[in-house]
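All values below were derived from every heavy atom in this structure, side-chain atoms included, with hydrogens, water molecules and symmetry-related copies excluded.
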Amino acid sequence: MATGTSGSDSAPLGRAPMDSMRRAALWAGALYLLTFVSIPTVALYGPVKETGYISGPGPDTGVLVGGILELIVGLACIGTAVALYPVVKRQNEAIAMGFVGARVLEAATIFIGVASLWTIVTLRQDGAGADGLLTGETLVAFYDRAFLVGQSFIPAVNALLLGSLLYQSHLVPRVLPVLGFIGAAALVSYHTATLFGLTEETAPVVALITVLPIATWEFGLGVYLVTKGFRRSAVAELDTVPAVPGTPWPGRFASQ
């Protein structure tokens with residue numbers, strides 16, 4: 001009787017860590033894919049950024065829907081950090097905490113940007129008219145700068161932080177974090193040049209080229225985590241590591 005009880009108890013205990021990791025990977029991957037829901041905002045925000053929008057006629061549906069999509073993205077950003085933190089903190093807790101903080105900061109800037117555009121809609125609906133033109137232009141400029149920080153520079157920081165954790169731990173193929181590193185460098189270089197007015201003539205083409213690596217990194221990571229989950233061999237090493245700041249992984253990971 002005792003032997004039967006021990007056998008039945010040991011089976012779920014053996015499966016639980018892998019089940020937990022698979023669930024974390026599935027949630028993180030799904031939320032990473034969900035962040036791409038905001039792609040239509042490029043078109044939806046077109047009218048609200050035009051001069052005279054605040055005093056002109058027309059529906060406000062586009063900017064309202066675009067704002068909702070961006071709010072979803074902000075919440076998904078926080079969700080990815082929450083899902084991944086219990087896993088990647090076993091590699092380096094300090095860097096994992098930095099990733100969580102940067103991801104939350106990214107979401108906060110998204111929320112602030114949405115609030116600025118929705119303020120334009122409120123002023124328009126309240127009949128601000130021509131007197132509100134300057135305010136509208138100011139709010140659009142504020143959104144553009146919030147976007148530059150929150151969805152350009154901070155994602156580069158996220159790619160470096162999470163990419164370093166995944167690269168060292170082997171939880172996913174190394175080609176994915178390498179794409180993140182390349183994307184971070186390209187994104188920061190492009191937007192730094194933009195701040196100094198060095199890319200105005202070729203901005204659309206250059207922007208597309210520079211955003212592709214980091215977009216591929218995030219989309220590829222999402223797809224891999226949903227379909228494959230974390231690598232079993234890396235998870236096996238992960239389960240032997242105490243969750244303390246800065247503790248290196250044993251075996252072959254400690255030397256890399």
Side-chain angles (χ1 to χ4, degrees), residues 10-39 72-93 95-100 102-104 106-107 154-187 211-243 247-256:
S10 63
L13 287 175
R15 289 194 302 267
M18 186 59 69
D19 291 343
S20 175
M21 292 296 178
R22 185 68 186 97
R23 189 161 48 248
L26 185 61
W27 273 107
L31 290 169
Y32 260 108
L33 295 177
L34 185 60
T35 61
F36 286 84
V37 75
S38 66
I39 291 176
I72 293 172
V73 171
L75 294 174
C77 286
I78 297 173
T80 58
V82 171
L84 288 173
Y85 176 72
V87 180
V88 296
K89 75 174 184 178
R90 307 303 288 270
Q91 170 66 29
N92 187 303
E93 190 172 10
I95 295 178
M97 280 296 297
F99 169 66
V100 173
R103 205 66 168 152
V104 171
E106 179 181 351
I154 297 180
V157 175
N158 289 331
L160 293 175
L161 293 174
L162 180 59
S164 66
L165 292 168
L166 296 180
Y167 184 88
Q168 295 176 46
S169 65
H170 296 257
L171 285 168
V172 300
R174 278 185 160 181
V175 66
L176 289 174
V178 167
L179 274 174
F181 299 149
I182 295 172
L187 207 60
V211 80
L212 276 177
I214 205 160
T216 304
W217 139 253
E218 294 192 353
F219 186 80
L221 179 62
V223 171
Y224 186 88
L225 291 178
V226 167
T227 58
K228 300 290 187 180
F230 299 116
R231 285 180 160 177
R232 291 175 178 266
S233 59
V235 170
E237 294 283 350
L238 183 70
D239 292 337
T240 67
V241 181
T247 299
W249 284 29
R252 62 192 178 90
F253 298 143
S255 63
Q256 298 183 19

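- Within the model, atoms CZ of Arg103 and CG of Leu31 stand 9.5 Å from one another, a figure rounded to the nearest 0.5 Å.
- With rounding to the nearest 0.5 Å, the separation of CG in Leu162 from CG in Leu84 is 6.0 Å.
- Surrounding CZ of Phe219 are at most 12 heavy atoms belonging to other residues, nucleotides or ligands under 6.0 Å away.
- Side-chain atoms of Arg231 and Pro173, non-hydrogen and from C-beta on, do get closer than 4.5 Å to each other.
- Thr80 approaches Ala28 most closely through the heavy-atom pair CG2-O, 3.9 Å.
- For the atom pair Thr227 OG1 and Leu26 CG, the distance stands at 10.0 Å (nearest 0.5 Å).
- Closest non-hydrogen pair, Ala184 versus Ala156, comes out as CB-O, 3.5 Å.
- Using a 4.5 Å heavy-atom threshold, the side chains of Phe230 and His170 count as separate.
- Residues Ala83 and Trp27 approach most closely at CB-CB, 4.2 Å, considering heavy atoms.
- One distance of note links CD1 of Ile95 with CG of Leu160; it measures 10.5 Å at 0.5 Å rounding.
- Residues Ala24 and Val87 come closest through the heavy atom pair CB-CG2, 4.0 Å.
- We find the CD-CZ distance between Gln168 and Arg174 to be 8.5 Å, quoted to the nearest 0.5 Å.
- Residues Ser169 and Ala234 come closest through the heavy atom pair O-CB, 3.3 Å.
- Rounded to the nearest 0.5 angstrom, Trp217 CH2 and Leu179 CG are separated by 9.0 Å.
- Considering only heavy atoms from C-beta on, Pro177 comes within 4.5 Å of Val172 through its side chain.
- What you find for Tyr32 and Gly222 is that their closest heavy atoms are CB-CA, 4.0 Å.
- Side-chain contact between Leu221 and Leu166 is present, with heavy atoms from C-beta onward closer than 4.5 Å.
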